Amino acid sequence: MCTDWDQADRLATAVHLREEGAFERLVELYEGSLFRYTERLVENAHDAQEVVQDAFLRAHRALTRQYDEARCRELNLKPWLFRIARNLAFNKKRGKMNRLQIPLPILEDDDLRGLTRGEVPNDFEKREEMRELDRAISGLPSEYRELIVLRFLEEMSYAEISRTTGSNEASLRGKVFRSLKLLREALGSKGVAHAMS
């Protein structure tokens with residue numbers, strides 16, 4: 001029995017081999033980030049939870065029934081899971097006529113890198129700036145908002161984002177640059193330009 005599941009590259013194989021606790025560890029590692037990501041795509045917490053549950057069911061089915069051990073060993077788990085969730089989220093969003101607008105959680109402004117979830121700065125002015133950042137990100141077109149979330153909140157590499165979205169890395173770099181430019185412009189018009197410096 002394997003115990004090195006903290007390494008994501010081994011985890012897919014452990015689930016494939018039905019090692020005790022492997023799938024639970026996979027859910028534990030990725031549930032929170034998949035939920036935050038899909039909530040931004042479907043703009044509804046209840047729908048996001050359904051998408052995440054369905055994504056884990058599909059992942060389990062693929063890892064245990066559809067993929068062989070060699071394919072599980074080669075699998076880049078995080079972008080693969082995010083791609084499943086992304087496809088399900090877009091399907092759900094297309095299928096819904098009425099959408100709820102749920103704002104993003106308050107974000108720290110460390111050039112958007114390493115954003116922590118739910119932490120609220122003590123300083124009133126800082127909290128206001130974070131609300132402006134939150135609104136500015138929410139106001140981006142969905143494609144750009146998704147890229148900001150994947151690159152800076154989930155800290156994915158361009159290669160991982162490429163696997164998640166199906167876009168090539170070169171075009172992704174340009175789109176992330178444009179996303180940041182739009183975000184800076186939105187923040188600059190509200191006097192929060194330093195949040196992106």
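Just so you know, these numbers come straight off a predicted model, no measurement behind them. Only heavy atoms go into these numbers, but all of them, side chains included; no hydrogens, no water, no symmetry mates.
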Task: For the student: nearest non-hydrogen atoms of R83 and T165, plus distance - done: NH1-C, 3.0 Å
Task: Over all atoms of both residues, closest heavy-atom pair of A22 and L11 - done: O-CD1, 3.4 Å
Task: Straight-line distance of T164 OG1 to K78 NZ, nearest 0.5 Å - done: 8.5 Å
TODO: Calculate, to the nearest 0.5 Å, the distance between atoms NE2 and OG1 belonging to H16 and T64 respectively.
DONE: 8.5 Å
Task: Minimum side-chain heavy-atom gap L88-V52 below 4.5 Å - done: no
Task: Heavy-atom side-chain contact between L34 and F56 under 4.5 Å - done: yes
Task: Shortest non-hydrogen contact from L140 toward R145 - done: O-NH1, 3.3 Å
TODO: Supply the atom-to-atom distance L29 CG to L77 CG, rounded to the nearest 0.5 angstrom.
DONE: 8.5 Å
Task: Backbone N/O of S162 and side chain of S167: donor-acceptor pair under 3.5 Å - done: no
Open item on the list: Let me confirm one number: the CG-CZ distance from L150 to R40, rounded to the nearest 0.5 Å.
Closed with: 10.0 Å
Task: Residues in side chain to side chain contact (heavy atoms under 4.5 Å, CB included) contact with A59, at least two apart in sequence or another chain - done: W80, L81, I84
Open item on the list: If I take atom CZ from residue F177 and atom CG from residue L172, how far apart are they, to the nearest 0.5 angstrom?
Closed with: 15.0 Å
Open item on the list: If I take atom OH from residue Y67 and atom CZ from residue R61, how far apart are they, to the nearest 0.5 angstrom?
Closed with: 11.5 Å
Open item on the list: Walk me through whether E154 and E160 qualify under side-chain contact (heavy atoms from CB on, under 4.5 Å).
Closed with: CA-CA 10 Å; E154 295 303 326; E160 291 174 320; over 6 Å; no
Task: Basic-acidic side-chain contact under 4.0 Å: R71, E74 - done: no
Open item on the list: Using side-chain contact (heavy atoms from CB on, under 4.5 Å), reason through K93 and L41 one step at a time and then give a plain yes or no.
Closed with: CA-CA 8 Å; K93 194 168 181 175; L41 295 178; 5.8 Å; no
Open item on the list: Whether the side chain of R151 engages the backbone of M156 through a donor-acceptor N/O pair (distance < 3.5 Å, no angle test) should be reported.
Closed with: yes
TODO: Over 60° means perpendicular and under 30° means parallel, so classify the ring planes of F82 and Y37, tilted if in between.
DONE: tilted
Open item on the list: Testing the basics here: between F35 and A48, what is the closest heavy-atom pair and its distance to 0.1 Å?
Closed with: CE1-CB, 3.6 Å
TODO: Please lay out, stage by stage, how L180 and F152 fare under the test side-chain contact (heavy atoms from CB on, under 4.5 Å).
DONE: CA-CA 10 Å; L180 288 172; F152 300 105; 3.6 Å; yes
TODO: Return each pair, listed once, that meets salt bridge (Lys or Arg N to Asp or Glu O under 4.0 Å) where at least one residue sits in residues 162-180; pairs must be two or more places apart or across chains.
DONE: E143-K175
Task: Side-chain heavy-atom pair T13, R10 within 4.5 angstrom cut-off - done: yes
- [ ] Can you sort out the partners of E24 under salt bridge (charged side-chain N to carboxylate O under 4.0 Å, His left out), two or more places apart, ordered by chain and number?
- [x] none
Task: More than 12 heavy atoms of other groups within 6.0 Å of H46 NE2 - done: no
TODO: Write down the atom of L187, the atom of A136, and the distance for their closest heavy-atom approach.
DONE: CD2-CB, 3.8 Å
TODO: Any chance you could lay out the side-chain contact (heavy atoms from CB on, under 4.5 Å) test for Q49 and E31, step after step, and finish with the verdict?
DONE: CA-CA 9 Å; Q49 189 60 45; E31 183 176 33; 4.0 Å; yes
Open item on the list: What I'd like to find out is whether the side chain of Y144 reaches to under 4.5 Å of the side chain of L183, using heavy atoms alone.
Closed with: no
Open item on the list: Ignoring hydrogens, what is the shortest heavy-atom contact between L75 and A12? Give both atom names and the distance.
Closed with: CD2-CB, 4.2 Å
